[in-house]
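Below is one structure, written out as structure tokens; the observations come after it.
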Amino acid sequence: MAHIAGLPVTAVVQRIEIHKLRQGENLILGFSIGGGIDQDPGQNPYSEDKSDKGIYVTRVSEGGPAEVAGLHTGDKIMQVNGWDMTMVTHDQARKRLTKKNEDVVRLLVTRTNLETVVRQSMQ
Amino acid sequence: MCFGIRTDSLRSPFLGTEVAEPALWLPGPSNSKRGCRGLGGGEEEEGEQQSSPSLRQYSGYSYKSGHSRSSRKHRDRRERHRSKSRDGSRGDKSVTIQAPGEPLLDNESTRGDDRDDNWGETTTVVTGTSEHSVSNEDLTRIAKDVEESTPPDCKRYLGPALSGALGLFAFLTPVAFLLLPQLLWRDSLDPCGTPCEGLYVSLAFKLLVLLIASWALFLRPPRSALPRVFVFRSLLMALVFLFVASYWLFYGVRVLEPRERDFRGIVEYAASLVDALLFIQYLAIVLLEIRQIQPAFSVKVVRSTDGASRFYNIGHLSIQRAAVWILQQYYSDFPVYNPALLNLPKSILSKKMSGFKVYSLGEENSTSNSTGQSRAMIAAAARRRDNSHNEYYYEEAEMDRRVRKRKARLVVAVEEAFTHIKRLQEEDQKNPREVMDPREAAQAIFASMARAMQKYLRTTRQQPYHSMEGILQHLQFCISHDMTPKAFLERYLTPGPTVQYHKDNTAGRQWTLVSEEPVTSALREGVVFALKRMDFSLVVTARRIPFLQVREEFVDPKSHKFVMRLQSETSV
């Protein structure tokens, strides 16, 4: 998924809706993110293209709302509630996900095997 | 003032007394009697005598009329010091002459604290009424006399003289060993050819080296007189004496008695003595000079009156030697002790005291009542709102402002004064009448800055340290060395080290070493001792320098590599 600057990005995405769980006074989603335009993309174990500075899911906690909703590790998050996640800093991504007044986040995620799955199903 | 001086020295009496430092603010003669000064130099104290010549060249400057009323009585008192007045041809100010030795500033009341000749008039203390009593003033005078009129100072040189004599004796012994057989039984000696000559040469050179080294290291005028015997030196002297005595003993028994004929043996014997002496001298160098160089202790020196403190690194020394070393550093490191700068103005402090008065209503049991009273007073005073810190703060700010204002005026005046003169270049054609030497040039420009200088010194309470003559001399010095006004002023703007204010270096300074441990014991961790003078003392604390564990780490220059920050992972 090498990205050429200036051209629109196309990807096969999956919609995932996560309902936040209240734990104490925090609302948690149950996964961890990594990446961002201020981070080192070469360290990302999940990306195919090592210059990809997008936000990736690095860990999904067992039984958490994210796992229940169908999020897997290695997913790249493209949008959160309509906000773009391909060109954001790590901190901006965290903030978009952890807004206190939102109970539900709707993500658009993509992963490598999605495209093959779709192509197979189209044949 | 000076009462306790003798009692302090009970613990550690001085072997040799030295002349006390004359109080800096006294212009009066303090060098009345001097005993035998020996190597210290026989000159008189220079401070006040050199003010007498060239009286005729002074141009003072007139006081403003505002001061004239108060200064009139002082001026009248000074009638007898007046010298010929000179036309102020070099400036528009003229007339009043000051006697050269007097301090520049005399009209202010601060003088009352410092001047001793006013003391009798302004005090209201009446001490004794019987004929056996001694008044306060007498005691002061007596104490000063005792300090200044030193008994003949020869005790100071007893030690060095003794060691010098011993050294000379030891030096001449090998020569004597060689000469005596020649003189006494020359005919029966075996002739001794080349080996003897070789030994003669080596003997001569070793003696020469011994002589030069002794001269270089040990033949110096002593710079201090210690209260107790210098242990290492006496040890070494004993060693030398033992050596030489035993050599003489053997010589007498084996050579002189039987009239030994083997001259070569005698020469070798003398050569071995010289070798032994060289080794003892090596030992002396190591013990006396080198051992203390490597720093082992860190001492903190605090002046008791105003808290000025310094840290020094010092080696293995006995307490008395360490005291001498510290004092030598004190004279060049510590700012001069100015008693006028010490206390909070009384207006601030006294308010605290006047508070509650406690009256006891007919109680007979005074002891228990007084503690109750004092406790009650303390509690009451603590509860009362205390605003003296406020006043202190504003007083300080006001003082700073005043000092800065005066300083600004002084700097401007001096800068302007310096623009009036310039160095004569060779090619300038000048009338010989207009050419001045540094002294005249200094006098010419002094008038315009004298007033600003006076005010500044008064504000910073430095006026006892700088007399008009002193300022003129400094000005002359700066002019002849082409210094800028700033260089001239540096002496007055910052209080310098004590050694700067000593007019003469030949008078000795008397210090008292107060210590709980014997002063010849070595410095250890936690040793505390004090060095007292008349009005202040230096408290010295010694700490051991920590043992330093230095490890090695090799860093390959090629290992300096950088990456972007690691991917941080945030859980949401």
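Naming: A, B, ... by sequence-line order, numbering from 1 per chain.
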Can you say whether A:Ile33 sits under 4.5 Å from chain B via the side chain, the backbone, both, or neither, judging by heavy atoms? both
Counting only heavy atoms not in B:Arg402 (residues, nucleotides, ligands), do more than 12 fall under 6.0 Å from its CZ? yes
Residue B:Glu525 excluded, over 12 heavy atoms near CD under 6.0 Å: yes
Enter the distance from B:Thr570:OG1 to A:Arg59:CZ here, rounded to the nearest 0.5 Å. 10.5 Å
In this structure, CD of B:Glu569 is separated from NE2 of A:His90 (nearest 0.5 Å) by 8.0 Å
Heavy-atom count check: over 12 atoms from other residues, nucleotides or ligands less than 6.0 Å from B:Arg491 CZ? yes
Counting only heavy atoms from other residues, nucleotides and ligands, does the tally under 6.0 Å from NZ of B:Lys486 exceed 12? no
Tell me, out of A:Leu97, A:Leu29, A:Asp91, who's got the most heavy-atom pairs with chain B below 4.5 Å. A:Leu29
